[in-house]
Amino acid sequence: MYPPRSLPAGAKVTRLGPSPTGFIHLGNLYGAFADERLAHQSGGVFILRIEDTDNKREVEGAVETIISSLDYFGVHFDEGAVVEGDKGSYGPYRQRQRAEIYQTFAKLLIQRGQAYPCFCTEAELSEIHEAQAALKENFGYYGKWAKHRDLSLQEIRDRLDLGAPFVVRLRSQGDPARYFSIEDGIRGTLSMPENNQDVVLLKADGIPTYHFAHVIDDHLMRITHILRGEEWLSTLPFHVEIFKTLGWEHPVFCHTTVLMKMDDGAKRKLSKRKDPELGLDYYRGLGYHPAAVREYLLTVLNSNYEEWRLANPGADIEGFRFTTDKMGSSGALFDLDKLSDVSKDVLAAMTAEEVCDFLLGWARAYKPEASEVMDARRDDLLKILAIGRGGENPRKDLIYAAQIFEFIQFFFDEYFRMEDEYPDNVSPEDRKALLKDYLAGYDAGDDAQVWFDKVRQLAMDHGFAAKPKDYKKNPEAFKGHVGDVSAVLRVALSGRRNSPDLWEIQQIMGPDRVKARIQAGIQSTAQ
RNA sequence: GGCCCGGUGGUCAAGCGGUUAAGACACGGCCCUUUCAAGGCUGUAACACGGGUUCGAUUCCCGUCCGGGUCACCA
C-alpha cells in the first residue's frame, strides 16, 4: 500500500487540493497551472485531491464543478478524484473517505504519547482565549494553557465513560524561542519559530483537520512539492512538526503569493464576495478564451515566461521551463488590462475558424438568441472574423467573446444600431450630400482600388482633400480630408466610428444591405 | 497586539555589491494610414525612509514606516 512511485529522477508529484465549496477561483487556477507544469514537464504526476474535511462547507455537485471548470481552462489531472470515484492507486482521493487512515495514525501517535485526547468544550476554549487576551499572551492551546495535555489515564477513561466528546491534539514538543529554517521553493530560506501549539489533529467527529490530513496524504501519495497560498505560511511550523513527529521527510513547500487587486488606490486581496473577477465563471461568461487566461496567468506566474513567449511566439508551452524560483513572492496585482492585451494576441494568432467556433460555442451557452442569428449566417461570420487576420500585422480588435460580438454585431440587421455619432466636423448638409452621391455611384462590383478611388473623387467633389497630407499642408483650402468622408460612410454602414476595413465589410454585407443603410443614413439626416 | 511574509516607475517585473536600473502593460508624442486597430520610432515615470557594513550599496545587516497574511474542532 502506497509504495514509492517509480518515476524518472527529478520527477515531481504535485497535487491540487480544493475544498468542495463549489467556488473555484482564479487563485485555484493560478496554483493549478503551476502544479500542472511542474509535474508534467518533469515526467511526474499531477493529482486532484478533494479536501472535504469540513462537511459544513460542502456544496452539492462541487466536485463536478471543480473538474469541469479546470478542464475548460486546460488543466487535466493524471490521478485523483473524478466525477464518479477515483482514478489511480494512491486513493481514495476524497479525504472523508480516508478517515480510517488518519485515525490509524492518530492512534499510533497517542500510543507513543505524541498526541492526546482533549475534552475541552467550546466555552472552556473561549475562556482560555479571554484569559490570554487579558494577560496579553499568545492565543492558542499550548503549554500551561493546555489543560488536558497531562490528564491521567484514569481521568481520560472517566470522561470517555461519560461519553464526553473529544478531539485529538498533538502534544507539541516545540519551543517558539527556538527558530528553525526551511527552504521554500519560491521564497528561499525561511526562518520561523518552532511550533508549540497543541493543534487539533482529529476533530470531535473523527475527521482530521487540514493540518493532519494533508501531512498524511502528501506523504502517502508521495507528493514531492506542496504548492499552496501564502496564507499557509503561518501554519508551516505545525506542519513541519507533524511531519517530524510521524517520522517523515516533508516535501518541498512552495508558498505562492496571493492575487491582489487595486481598490480605491489601495492593494487588497481579491475577495470572493466583492470581486466577480475572482470567480472563473466571470471569464467564461464574458468569453475570454481559456488559452488567453492561461497565457496571462503564466505571465504572472513565472517572471520569465513573458520574455520567453516574446522570443517564441506560437511555440508549445512544453518548450518553456517553468521553475518555482521564478515565481513572485510579493503580492501580484491582478491586471485586467494586461489580460486583455494578452488575449488580443492569442486571438489574433488563431484562425478565423477557431475564433468562429469559439464564439459560437460561447454564444450558445451565454447568448442563445445571438447564436441563432450568427449560425444562420455562419459563412458571413467566418468572413467577418477573417478580416485583417493572418499576415504580418494582424488586426487585434478582438478580446473576449462578448466583446467580439459587440464588435461585429452591426453585420446583423437584428443587432444593427447607431452607436456612435457622425463626425462633427462634417456638416449635416455635407453629410447628406456625400451619402447621396456615394449611393448613386456605388457599385458592388468595384474592387478595393476602384472603390477607394471613387471615395477620393467623392471627397474632392465636396471640397475635402483626397489625401490627409494635402489637408495638413493646407487646412484652409478644404473642409476636411478623405478620412472624414470615410468616417461618414463608416458610421452609416456600421453605426460606429471604428470598424474593420470598409470595402471588406461591404463585400460581406452585400449590395442590398449597403444601399439600405446608406439610404437610412440619408433619411436620418433629413430633418 | 504576537508571529510570519513582502516593499524597484501607475501596473507586472528583471536585477543577487560597481548597470546609462532591462522588458511588458497602461499613458503621451511623431511616422505610416481612407477610420480604428496593428506596426515603426520616441517620450514621461521607480530602487519606501533612516542608520550601519563596505572603497562602493537597489542589492548585505539593523531600525522605522507601509502593505499583506495568520492567530478555529475552516481550508
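Residue numbers begin at 1 in each chain, while the letters A, B, ... track the order of the sequences.
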Phosphate oxygens OP1/OP2 of B/rU34: is one of them under 4.0 Å from a side-chain N or O of A/Arg456?
yes
Separation of B/rC5 atom C1' from A/Phe253 atom CZ, nearest Å, is 16 Å
Taken to the nearest whole Å, CG/A/Leu339 to P/B/rA26 is 12 Å
Residue pairs passing the salt bridge (Lys or Arg N to Asp or Glu O under 4.0 Å) test with at least one member in residues 196-217 of chain A, sequence neighbours excluded, are A/Arg49-A/Asp217, A/Arg98-A/Asp217, A/Arg149-A/Asp198
In whole angstroms, the gap separating P of B/rC27 from CG of A/Asp341 amounts to 10 Å
Atom CD of A/Glu307 and atom P of B/rC12 are separated, to the nearest Å, by 18 Å
In whole angstroms, the gap separating C1' of B/rC36 from CD1 of A/Ile408 amounts to 17 Å
Ranking B/rU35, B/rC4, B/rA75 by distance to the side chain of A/Arg490, first place goes to B/rU35
Can you tabulate the close N/O pairs, meaning under 3.5 Å, that link protein atoms to atoms of nucleotides 62-65 of chain B?
none

salt_bridge(A/Arg96, A/Glu58) N-O dist < 4.0 Å
yes
The single option from A/Phe243, A/Phe238, A/Tyr102 that satisfies ring-ring contact (aromatic ring centres under 6.0 Å, His included) with A/His211 is A/Phe238
From CD of A/Gln506 across to P of B/rU35 the rounded distance in Å is 16 Å
Between the protein and nucleotides 37-48 of chain B, which nitrogen or oxygen pairs are less than 3.5 angstrom apart?
unit_1: B/rA37; atom_1: O2'; unit_2: A/Lys396; atom_2: O; d: 3.3

Notebook entry, point to check: Do the numbers put A/Arg169 on top of the ring of A/Tyr141, so that NZ or CZ is under 6.0 Å from the six-membered ring centre and no more than 45° off the axis?
Noted result: yes
Sugar-phosphate, base or nothing in reach of A/Ser499, heavy atoms under 4.0 Å:
base
Taken to the nearest whole Å, NZ/A/Lys338 to C1'/B/rC27 is 14 Å
Sorted by position of nearest nucleotide on RNA chain B, 5' first, the leading residue of A/Ser191 and A/Trp503 is A/Ser191
So what does A/Tyr305 touch, heavy atoms closer than 4.0 Å: a base, only the sugar-phosphate, or nothing? nothing
For residues 125-143 of chain A, the salt bridge (Lys or Arg N to Asp or Glu O under 4.0 Å) pairs (sequence neighbours left out) are A/Glu137-A/Lys144
| Would A/Arg517 count as a cation-pi partner of A/Phe416, with NZ or CZ less than 6.0 Å from the six-membered ring centre and within 45° of the ring normal? | yes
When rounded to whole Å, the CZ to C1' distance for the pair A/Arg228 and B/rC5 reads 14 Å
Dot-bracket assigned to RNA chain B with the 3.5 Å Watson-Crick/G-U criterion, [ ] for crossing and | for other-strand pairs, is ((((((((.[[[..)..(....]]].(((((.......)))))....[[[[[..)....]]]]])))))))....
Q.
Once you apply a heavy-atom cut-off of 4.0 Å, does A/Trp308 come out as touching a base, just sugar-phosphate, or nothing?
A. nothing
Please write out the pairs of protein N or O atoms and N or O atoms of nucleotides 71-74 of chain B separated by less than 3.5 Å, giving the distance to one decimal.
unit_1: B/rC73; atom_1: O2; unit_2: A/Ala204; atom_2: N; d: 2.9
unit_1: B/rC73; atom_1: N4; unit_2: A/Cys120; atom_2: O; d: 3.2
unit_1: B/rC74; atom_1: OP2; unit_2: A/Lys203; atom_2: NZ; d: 2.9
unit_1: B/rC74; atom_1: O2'; unit_2: A/Asp54; atom_2: OD2; d: 2.9
unit_1: B/rC74; atom_1: O2; unit_2: A/Arg57; atom_2: NH1; d: 3.1

Does A/Thr235 reach the main-chain N or O of A/Trp232 with its side chain, forming a donor-acceptor pair under 3.5 Å?
-> yes
(request) Answer yes or no: is there an ion pair linking A/Arg57 with A/Asp54, defined by an N-O contact shorter than 4.0 Å? (result) yes
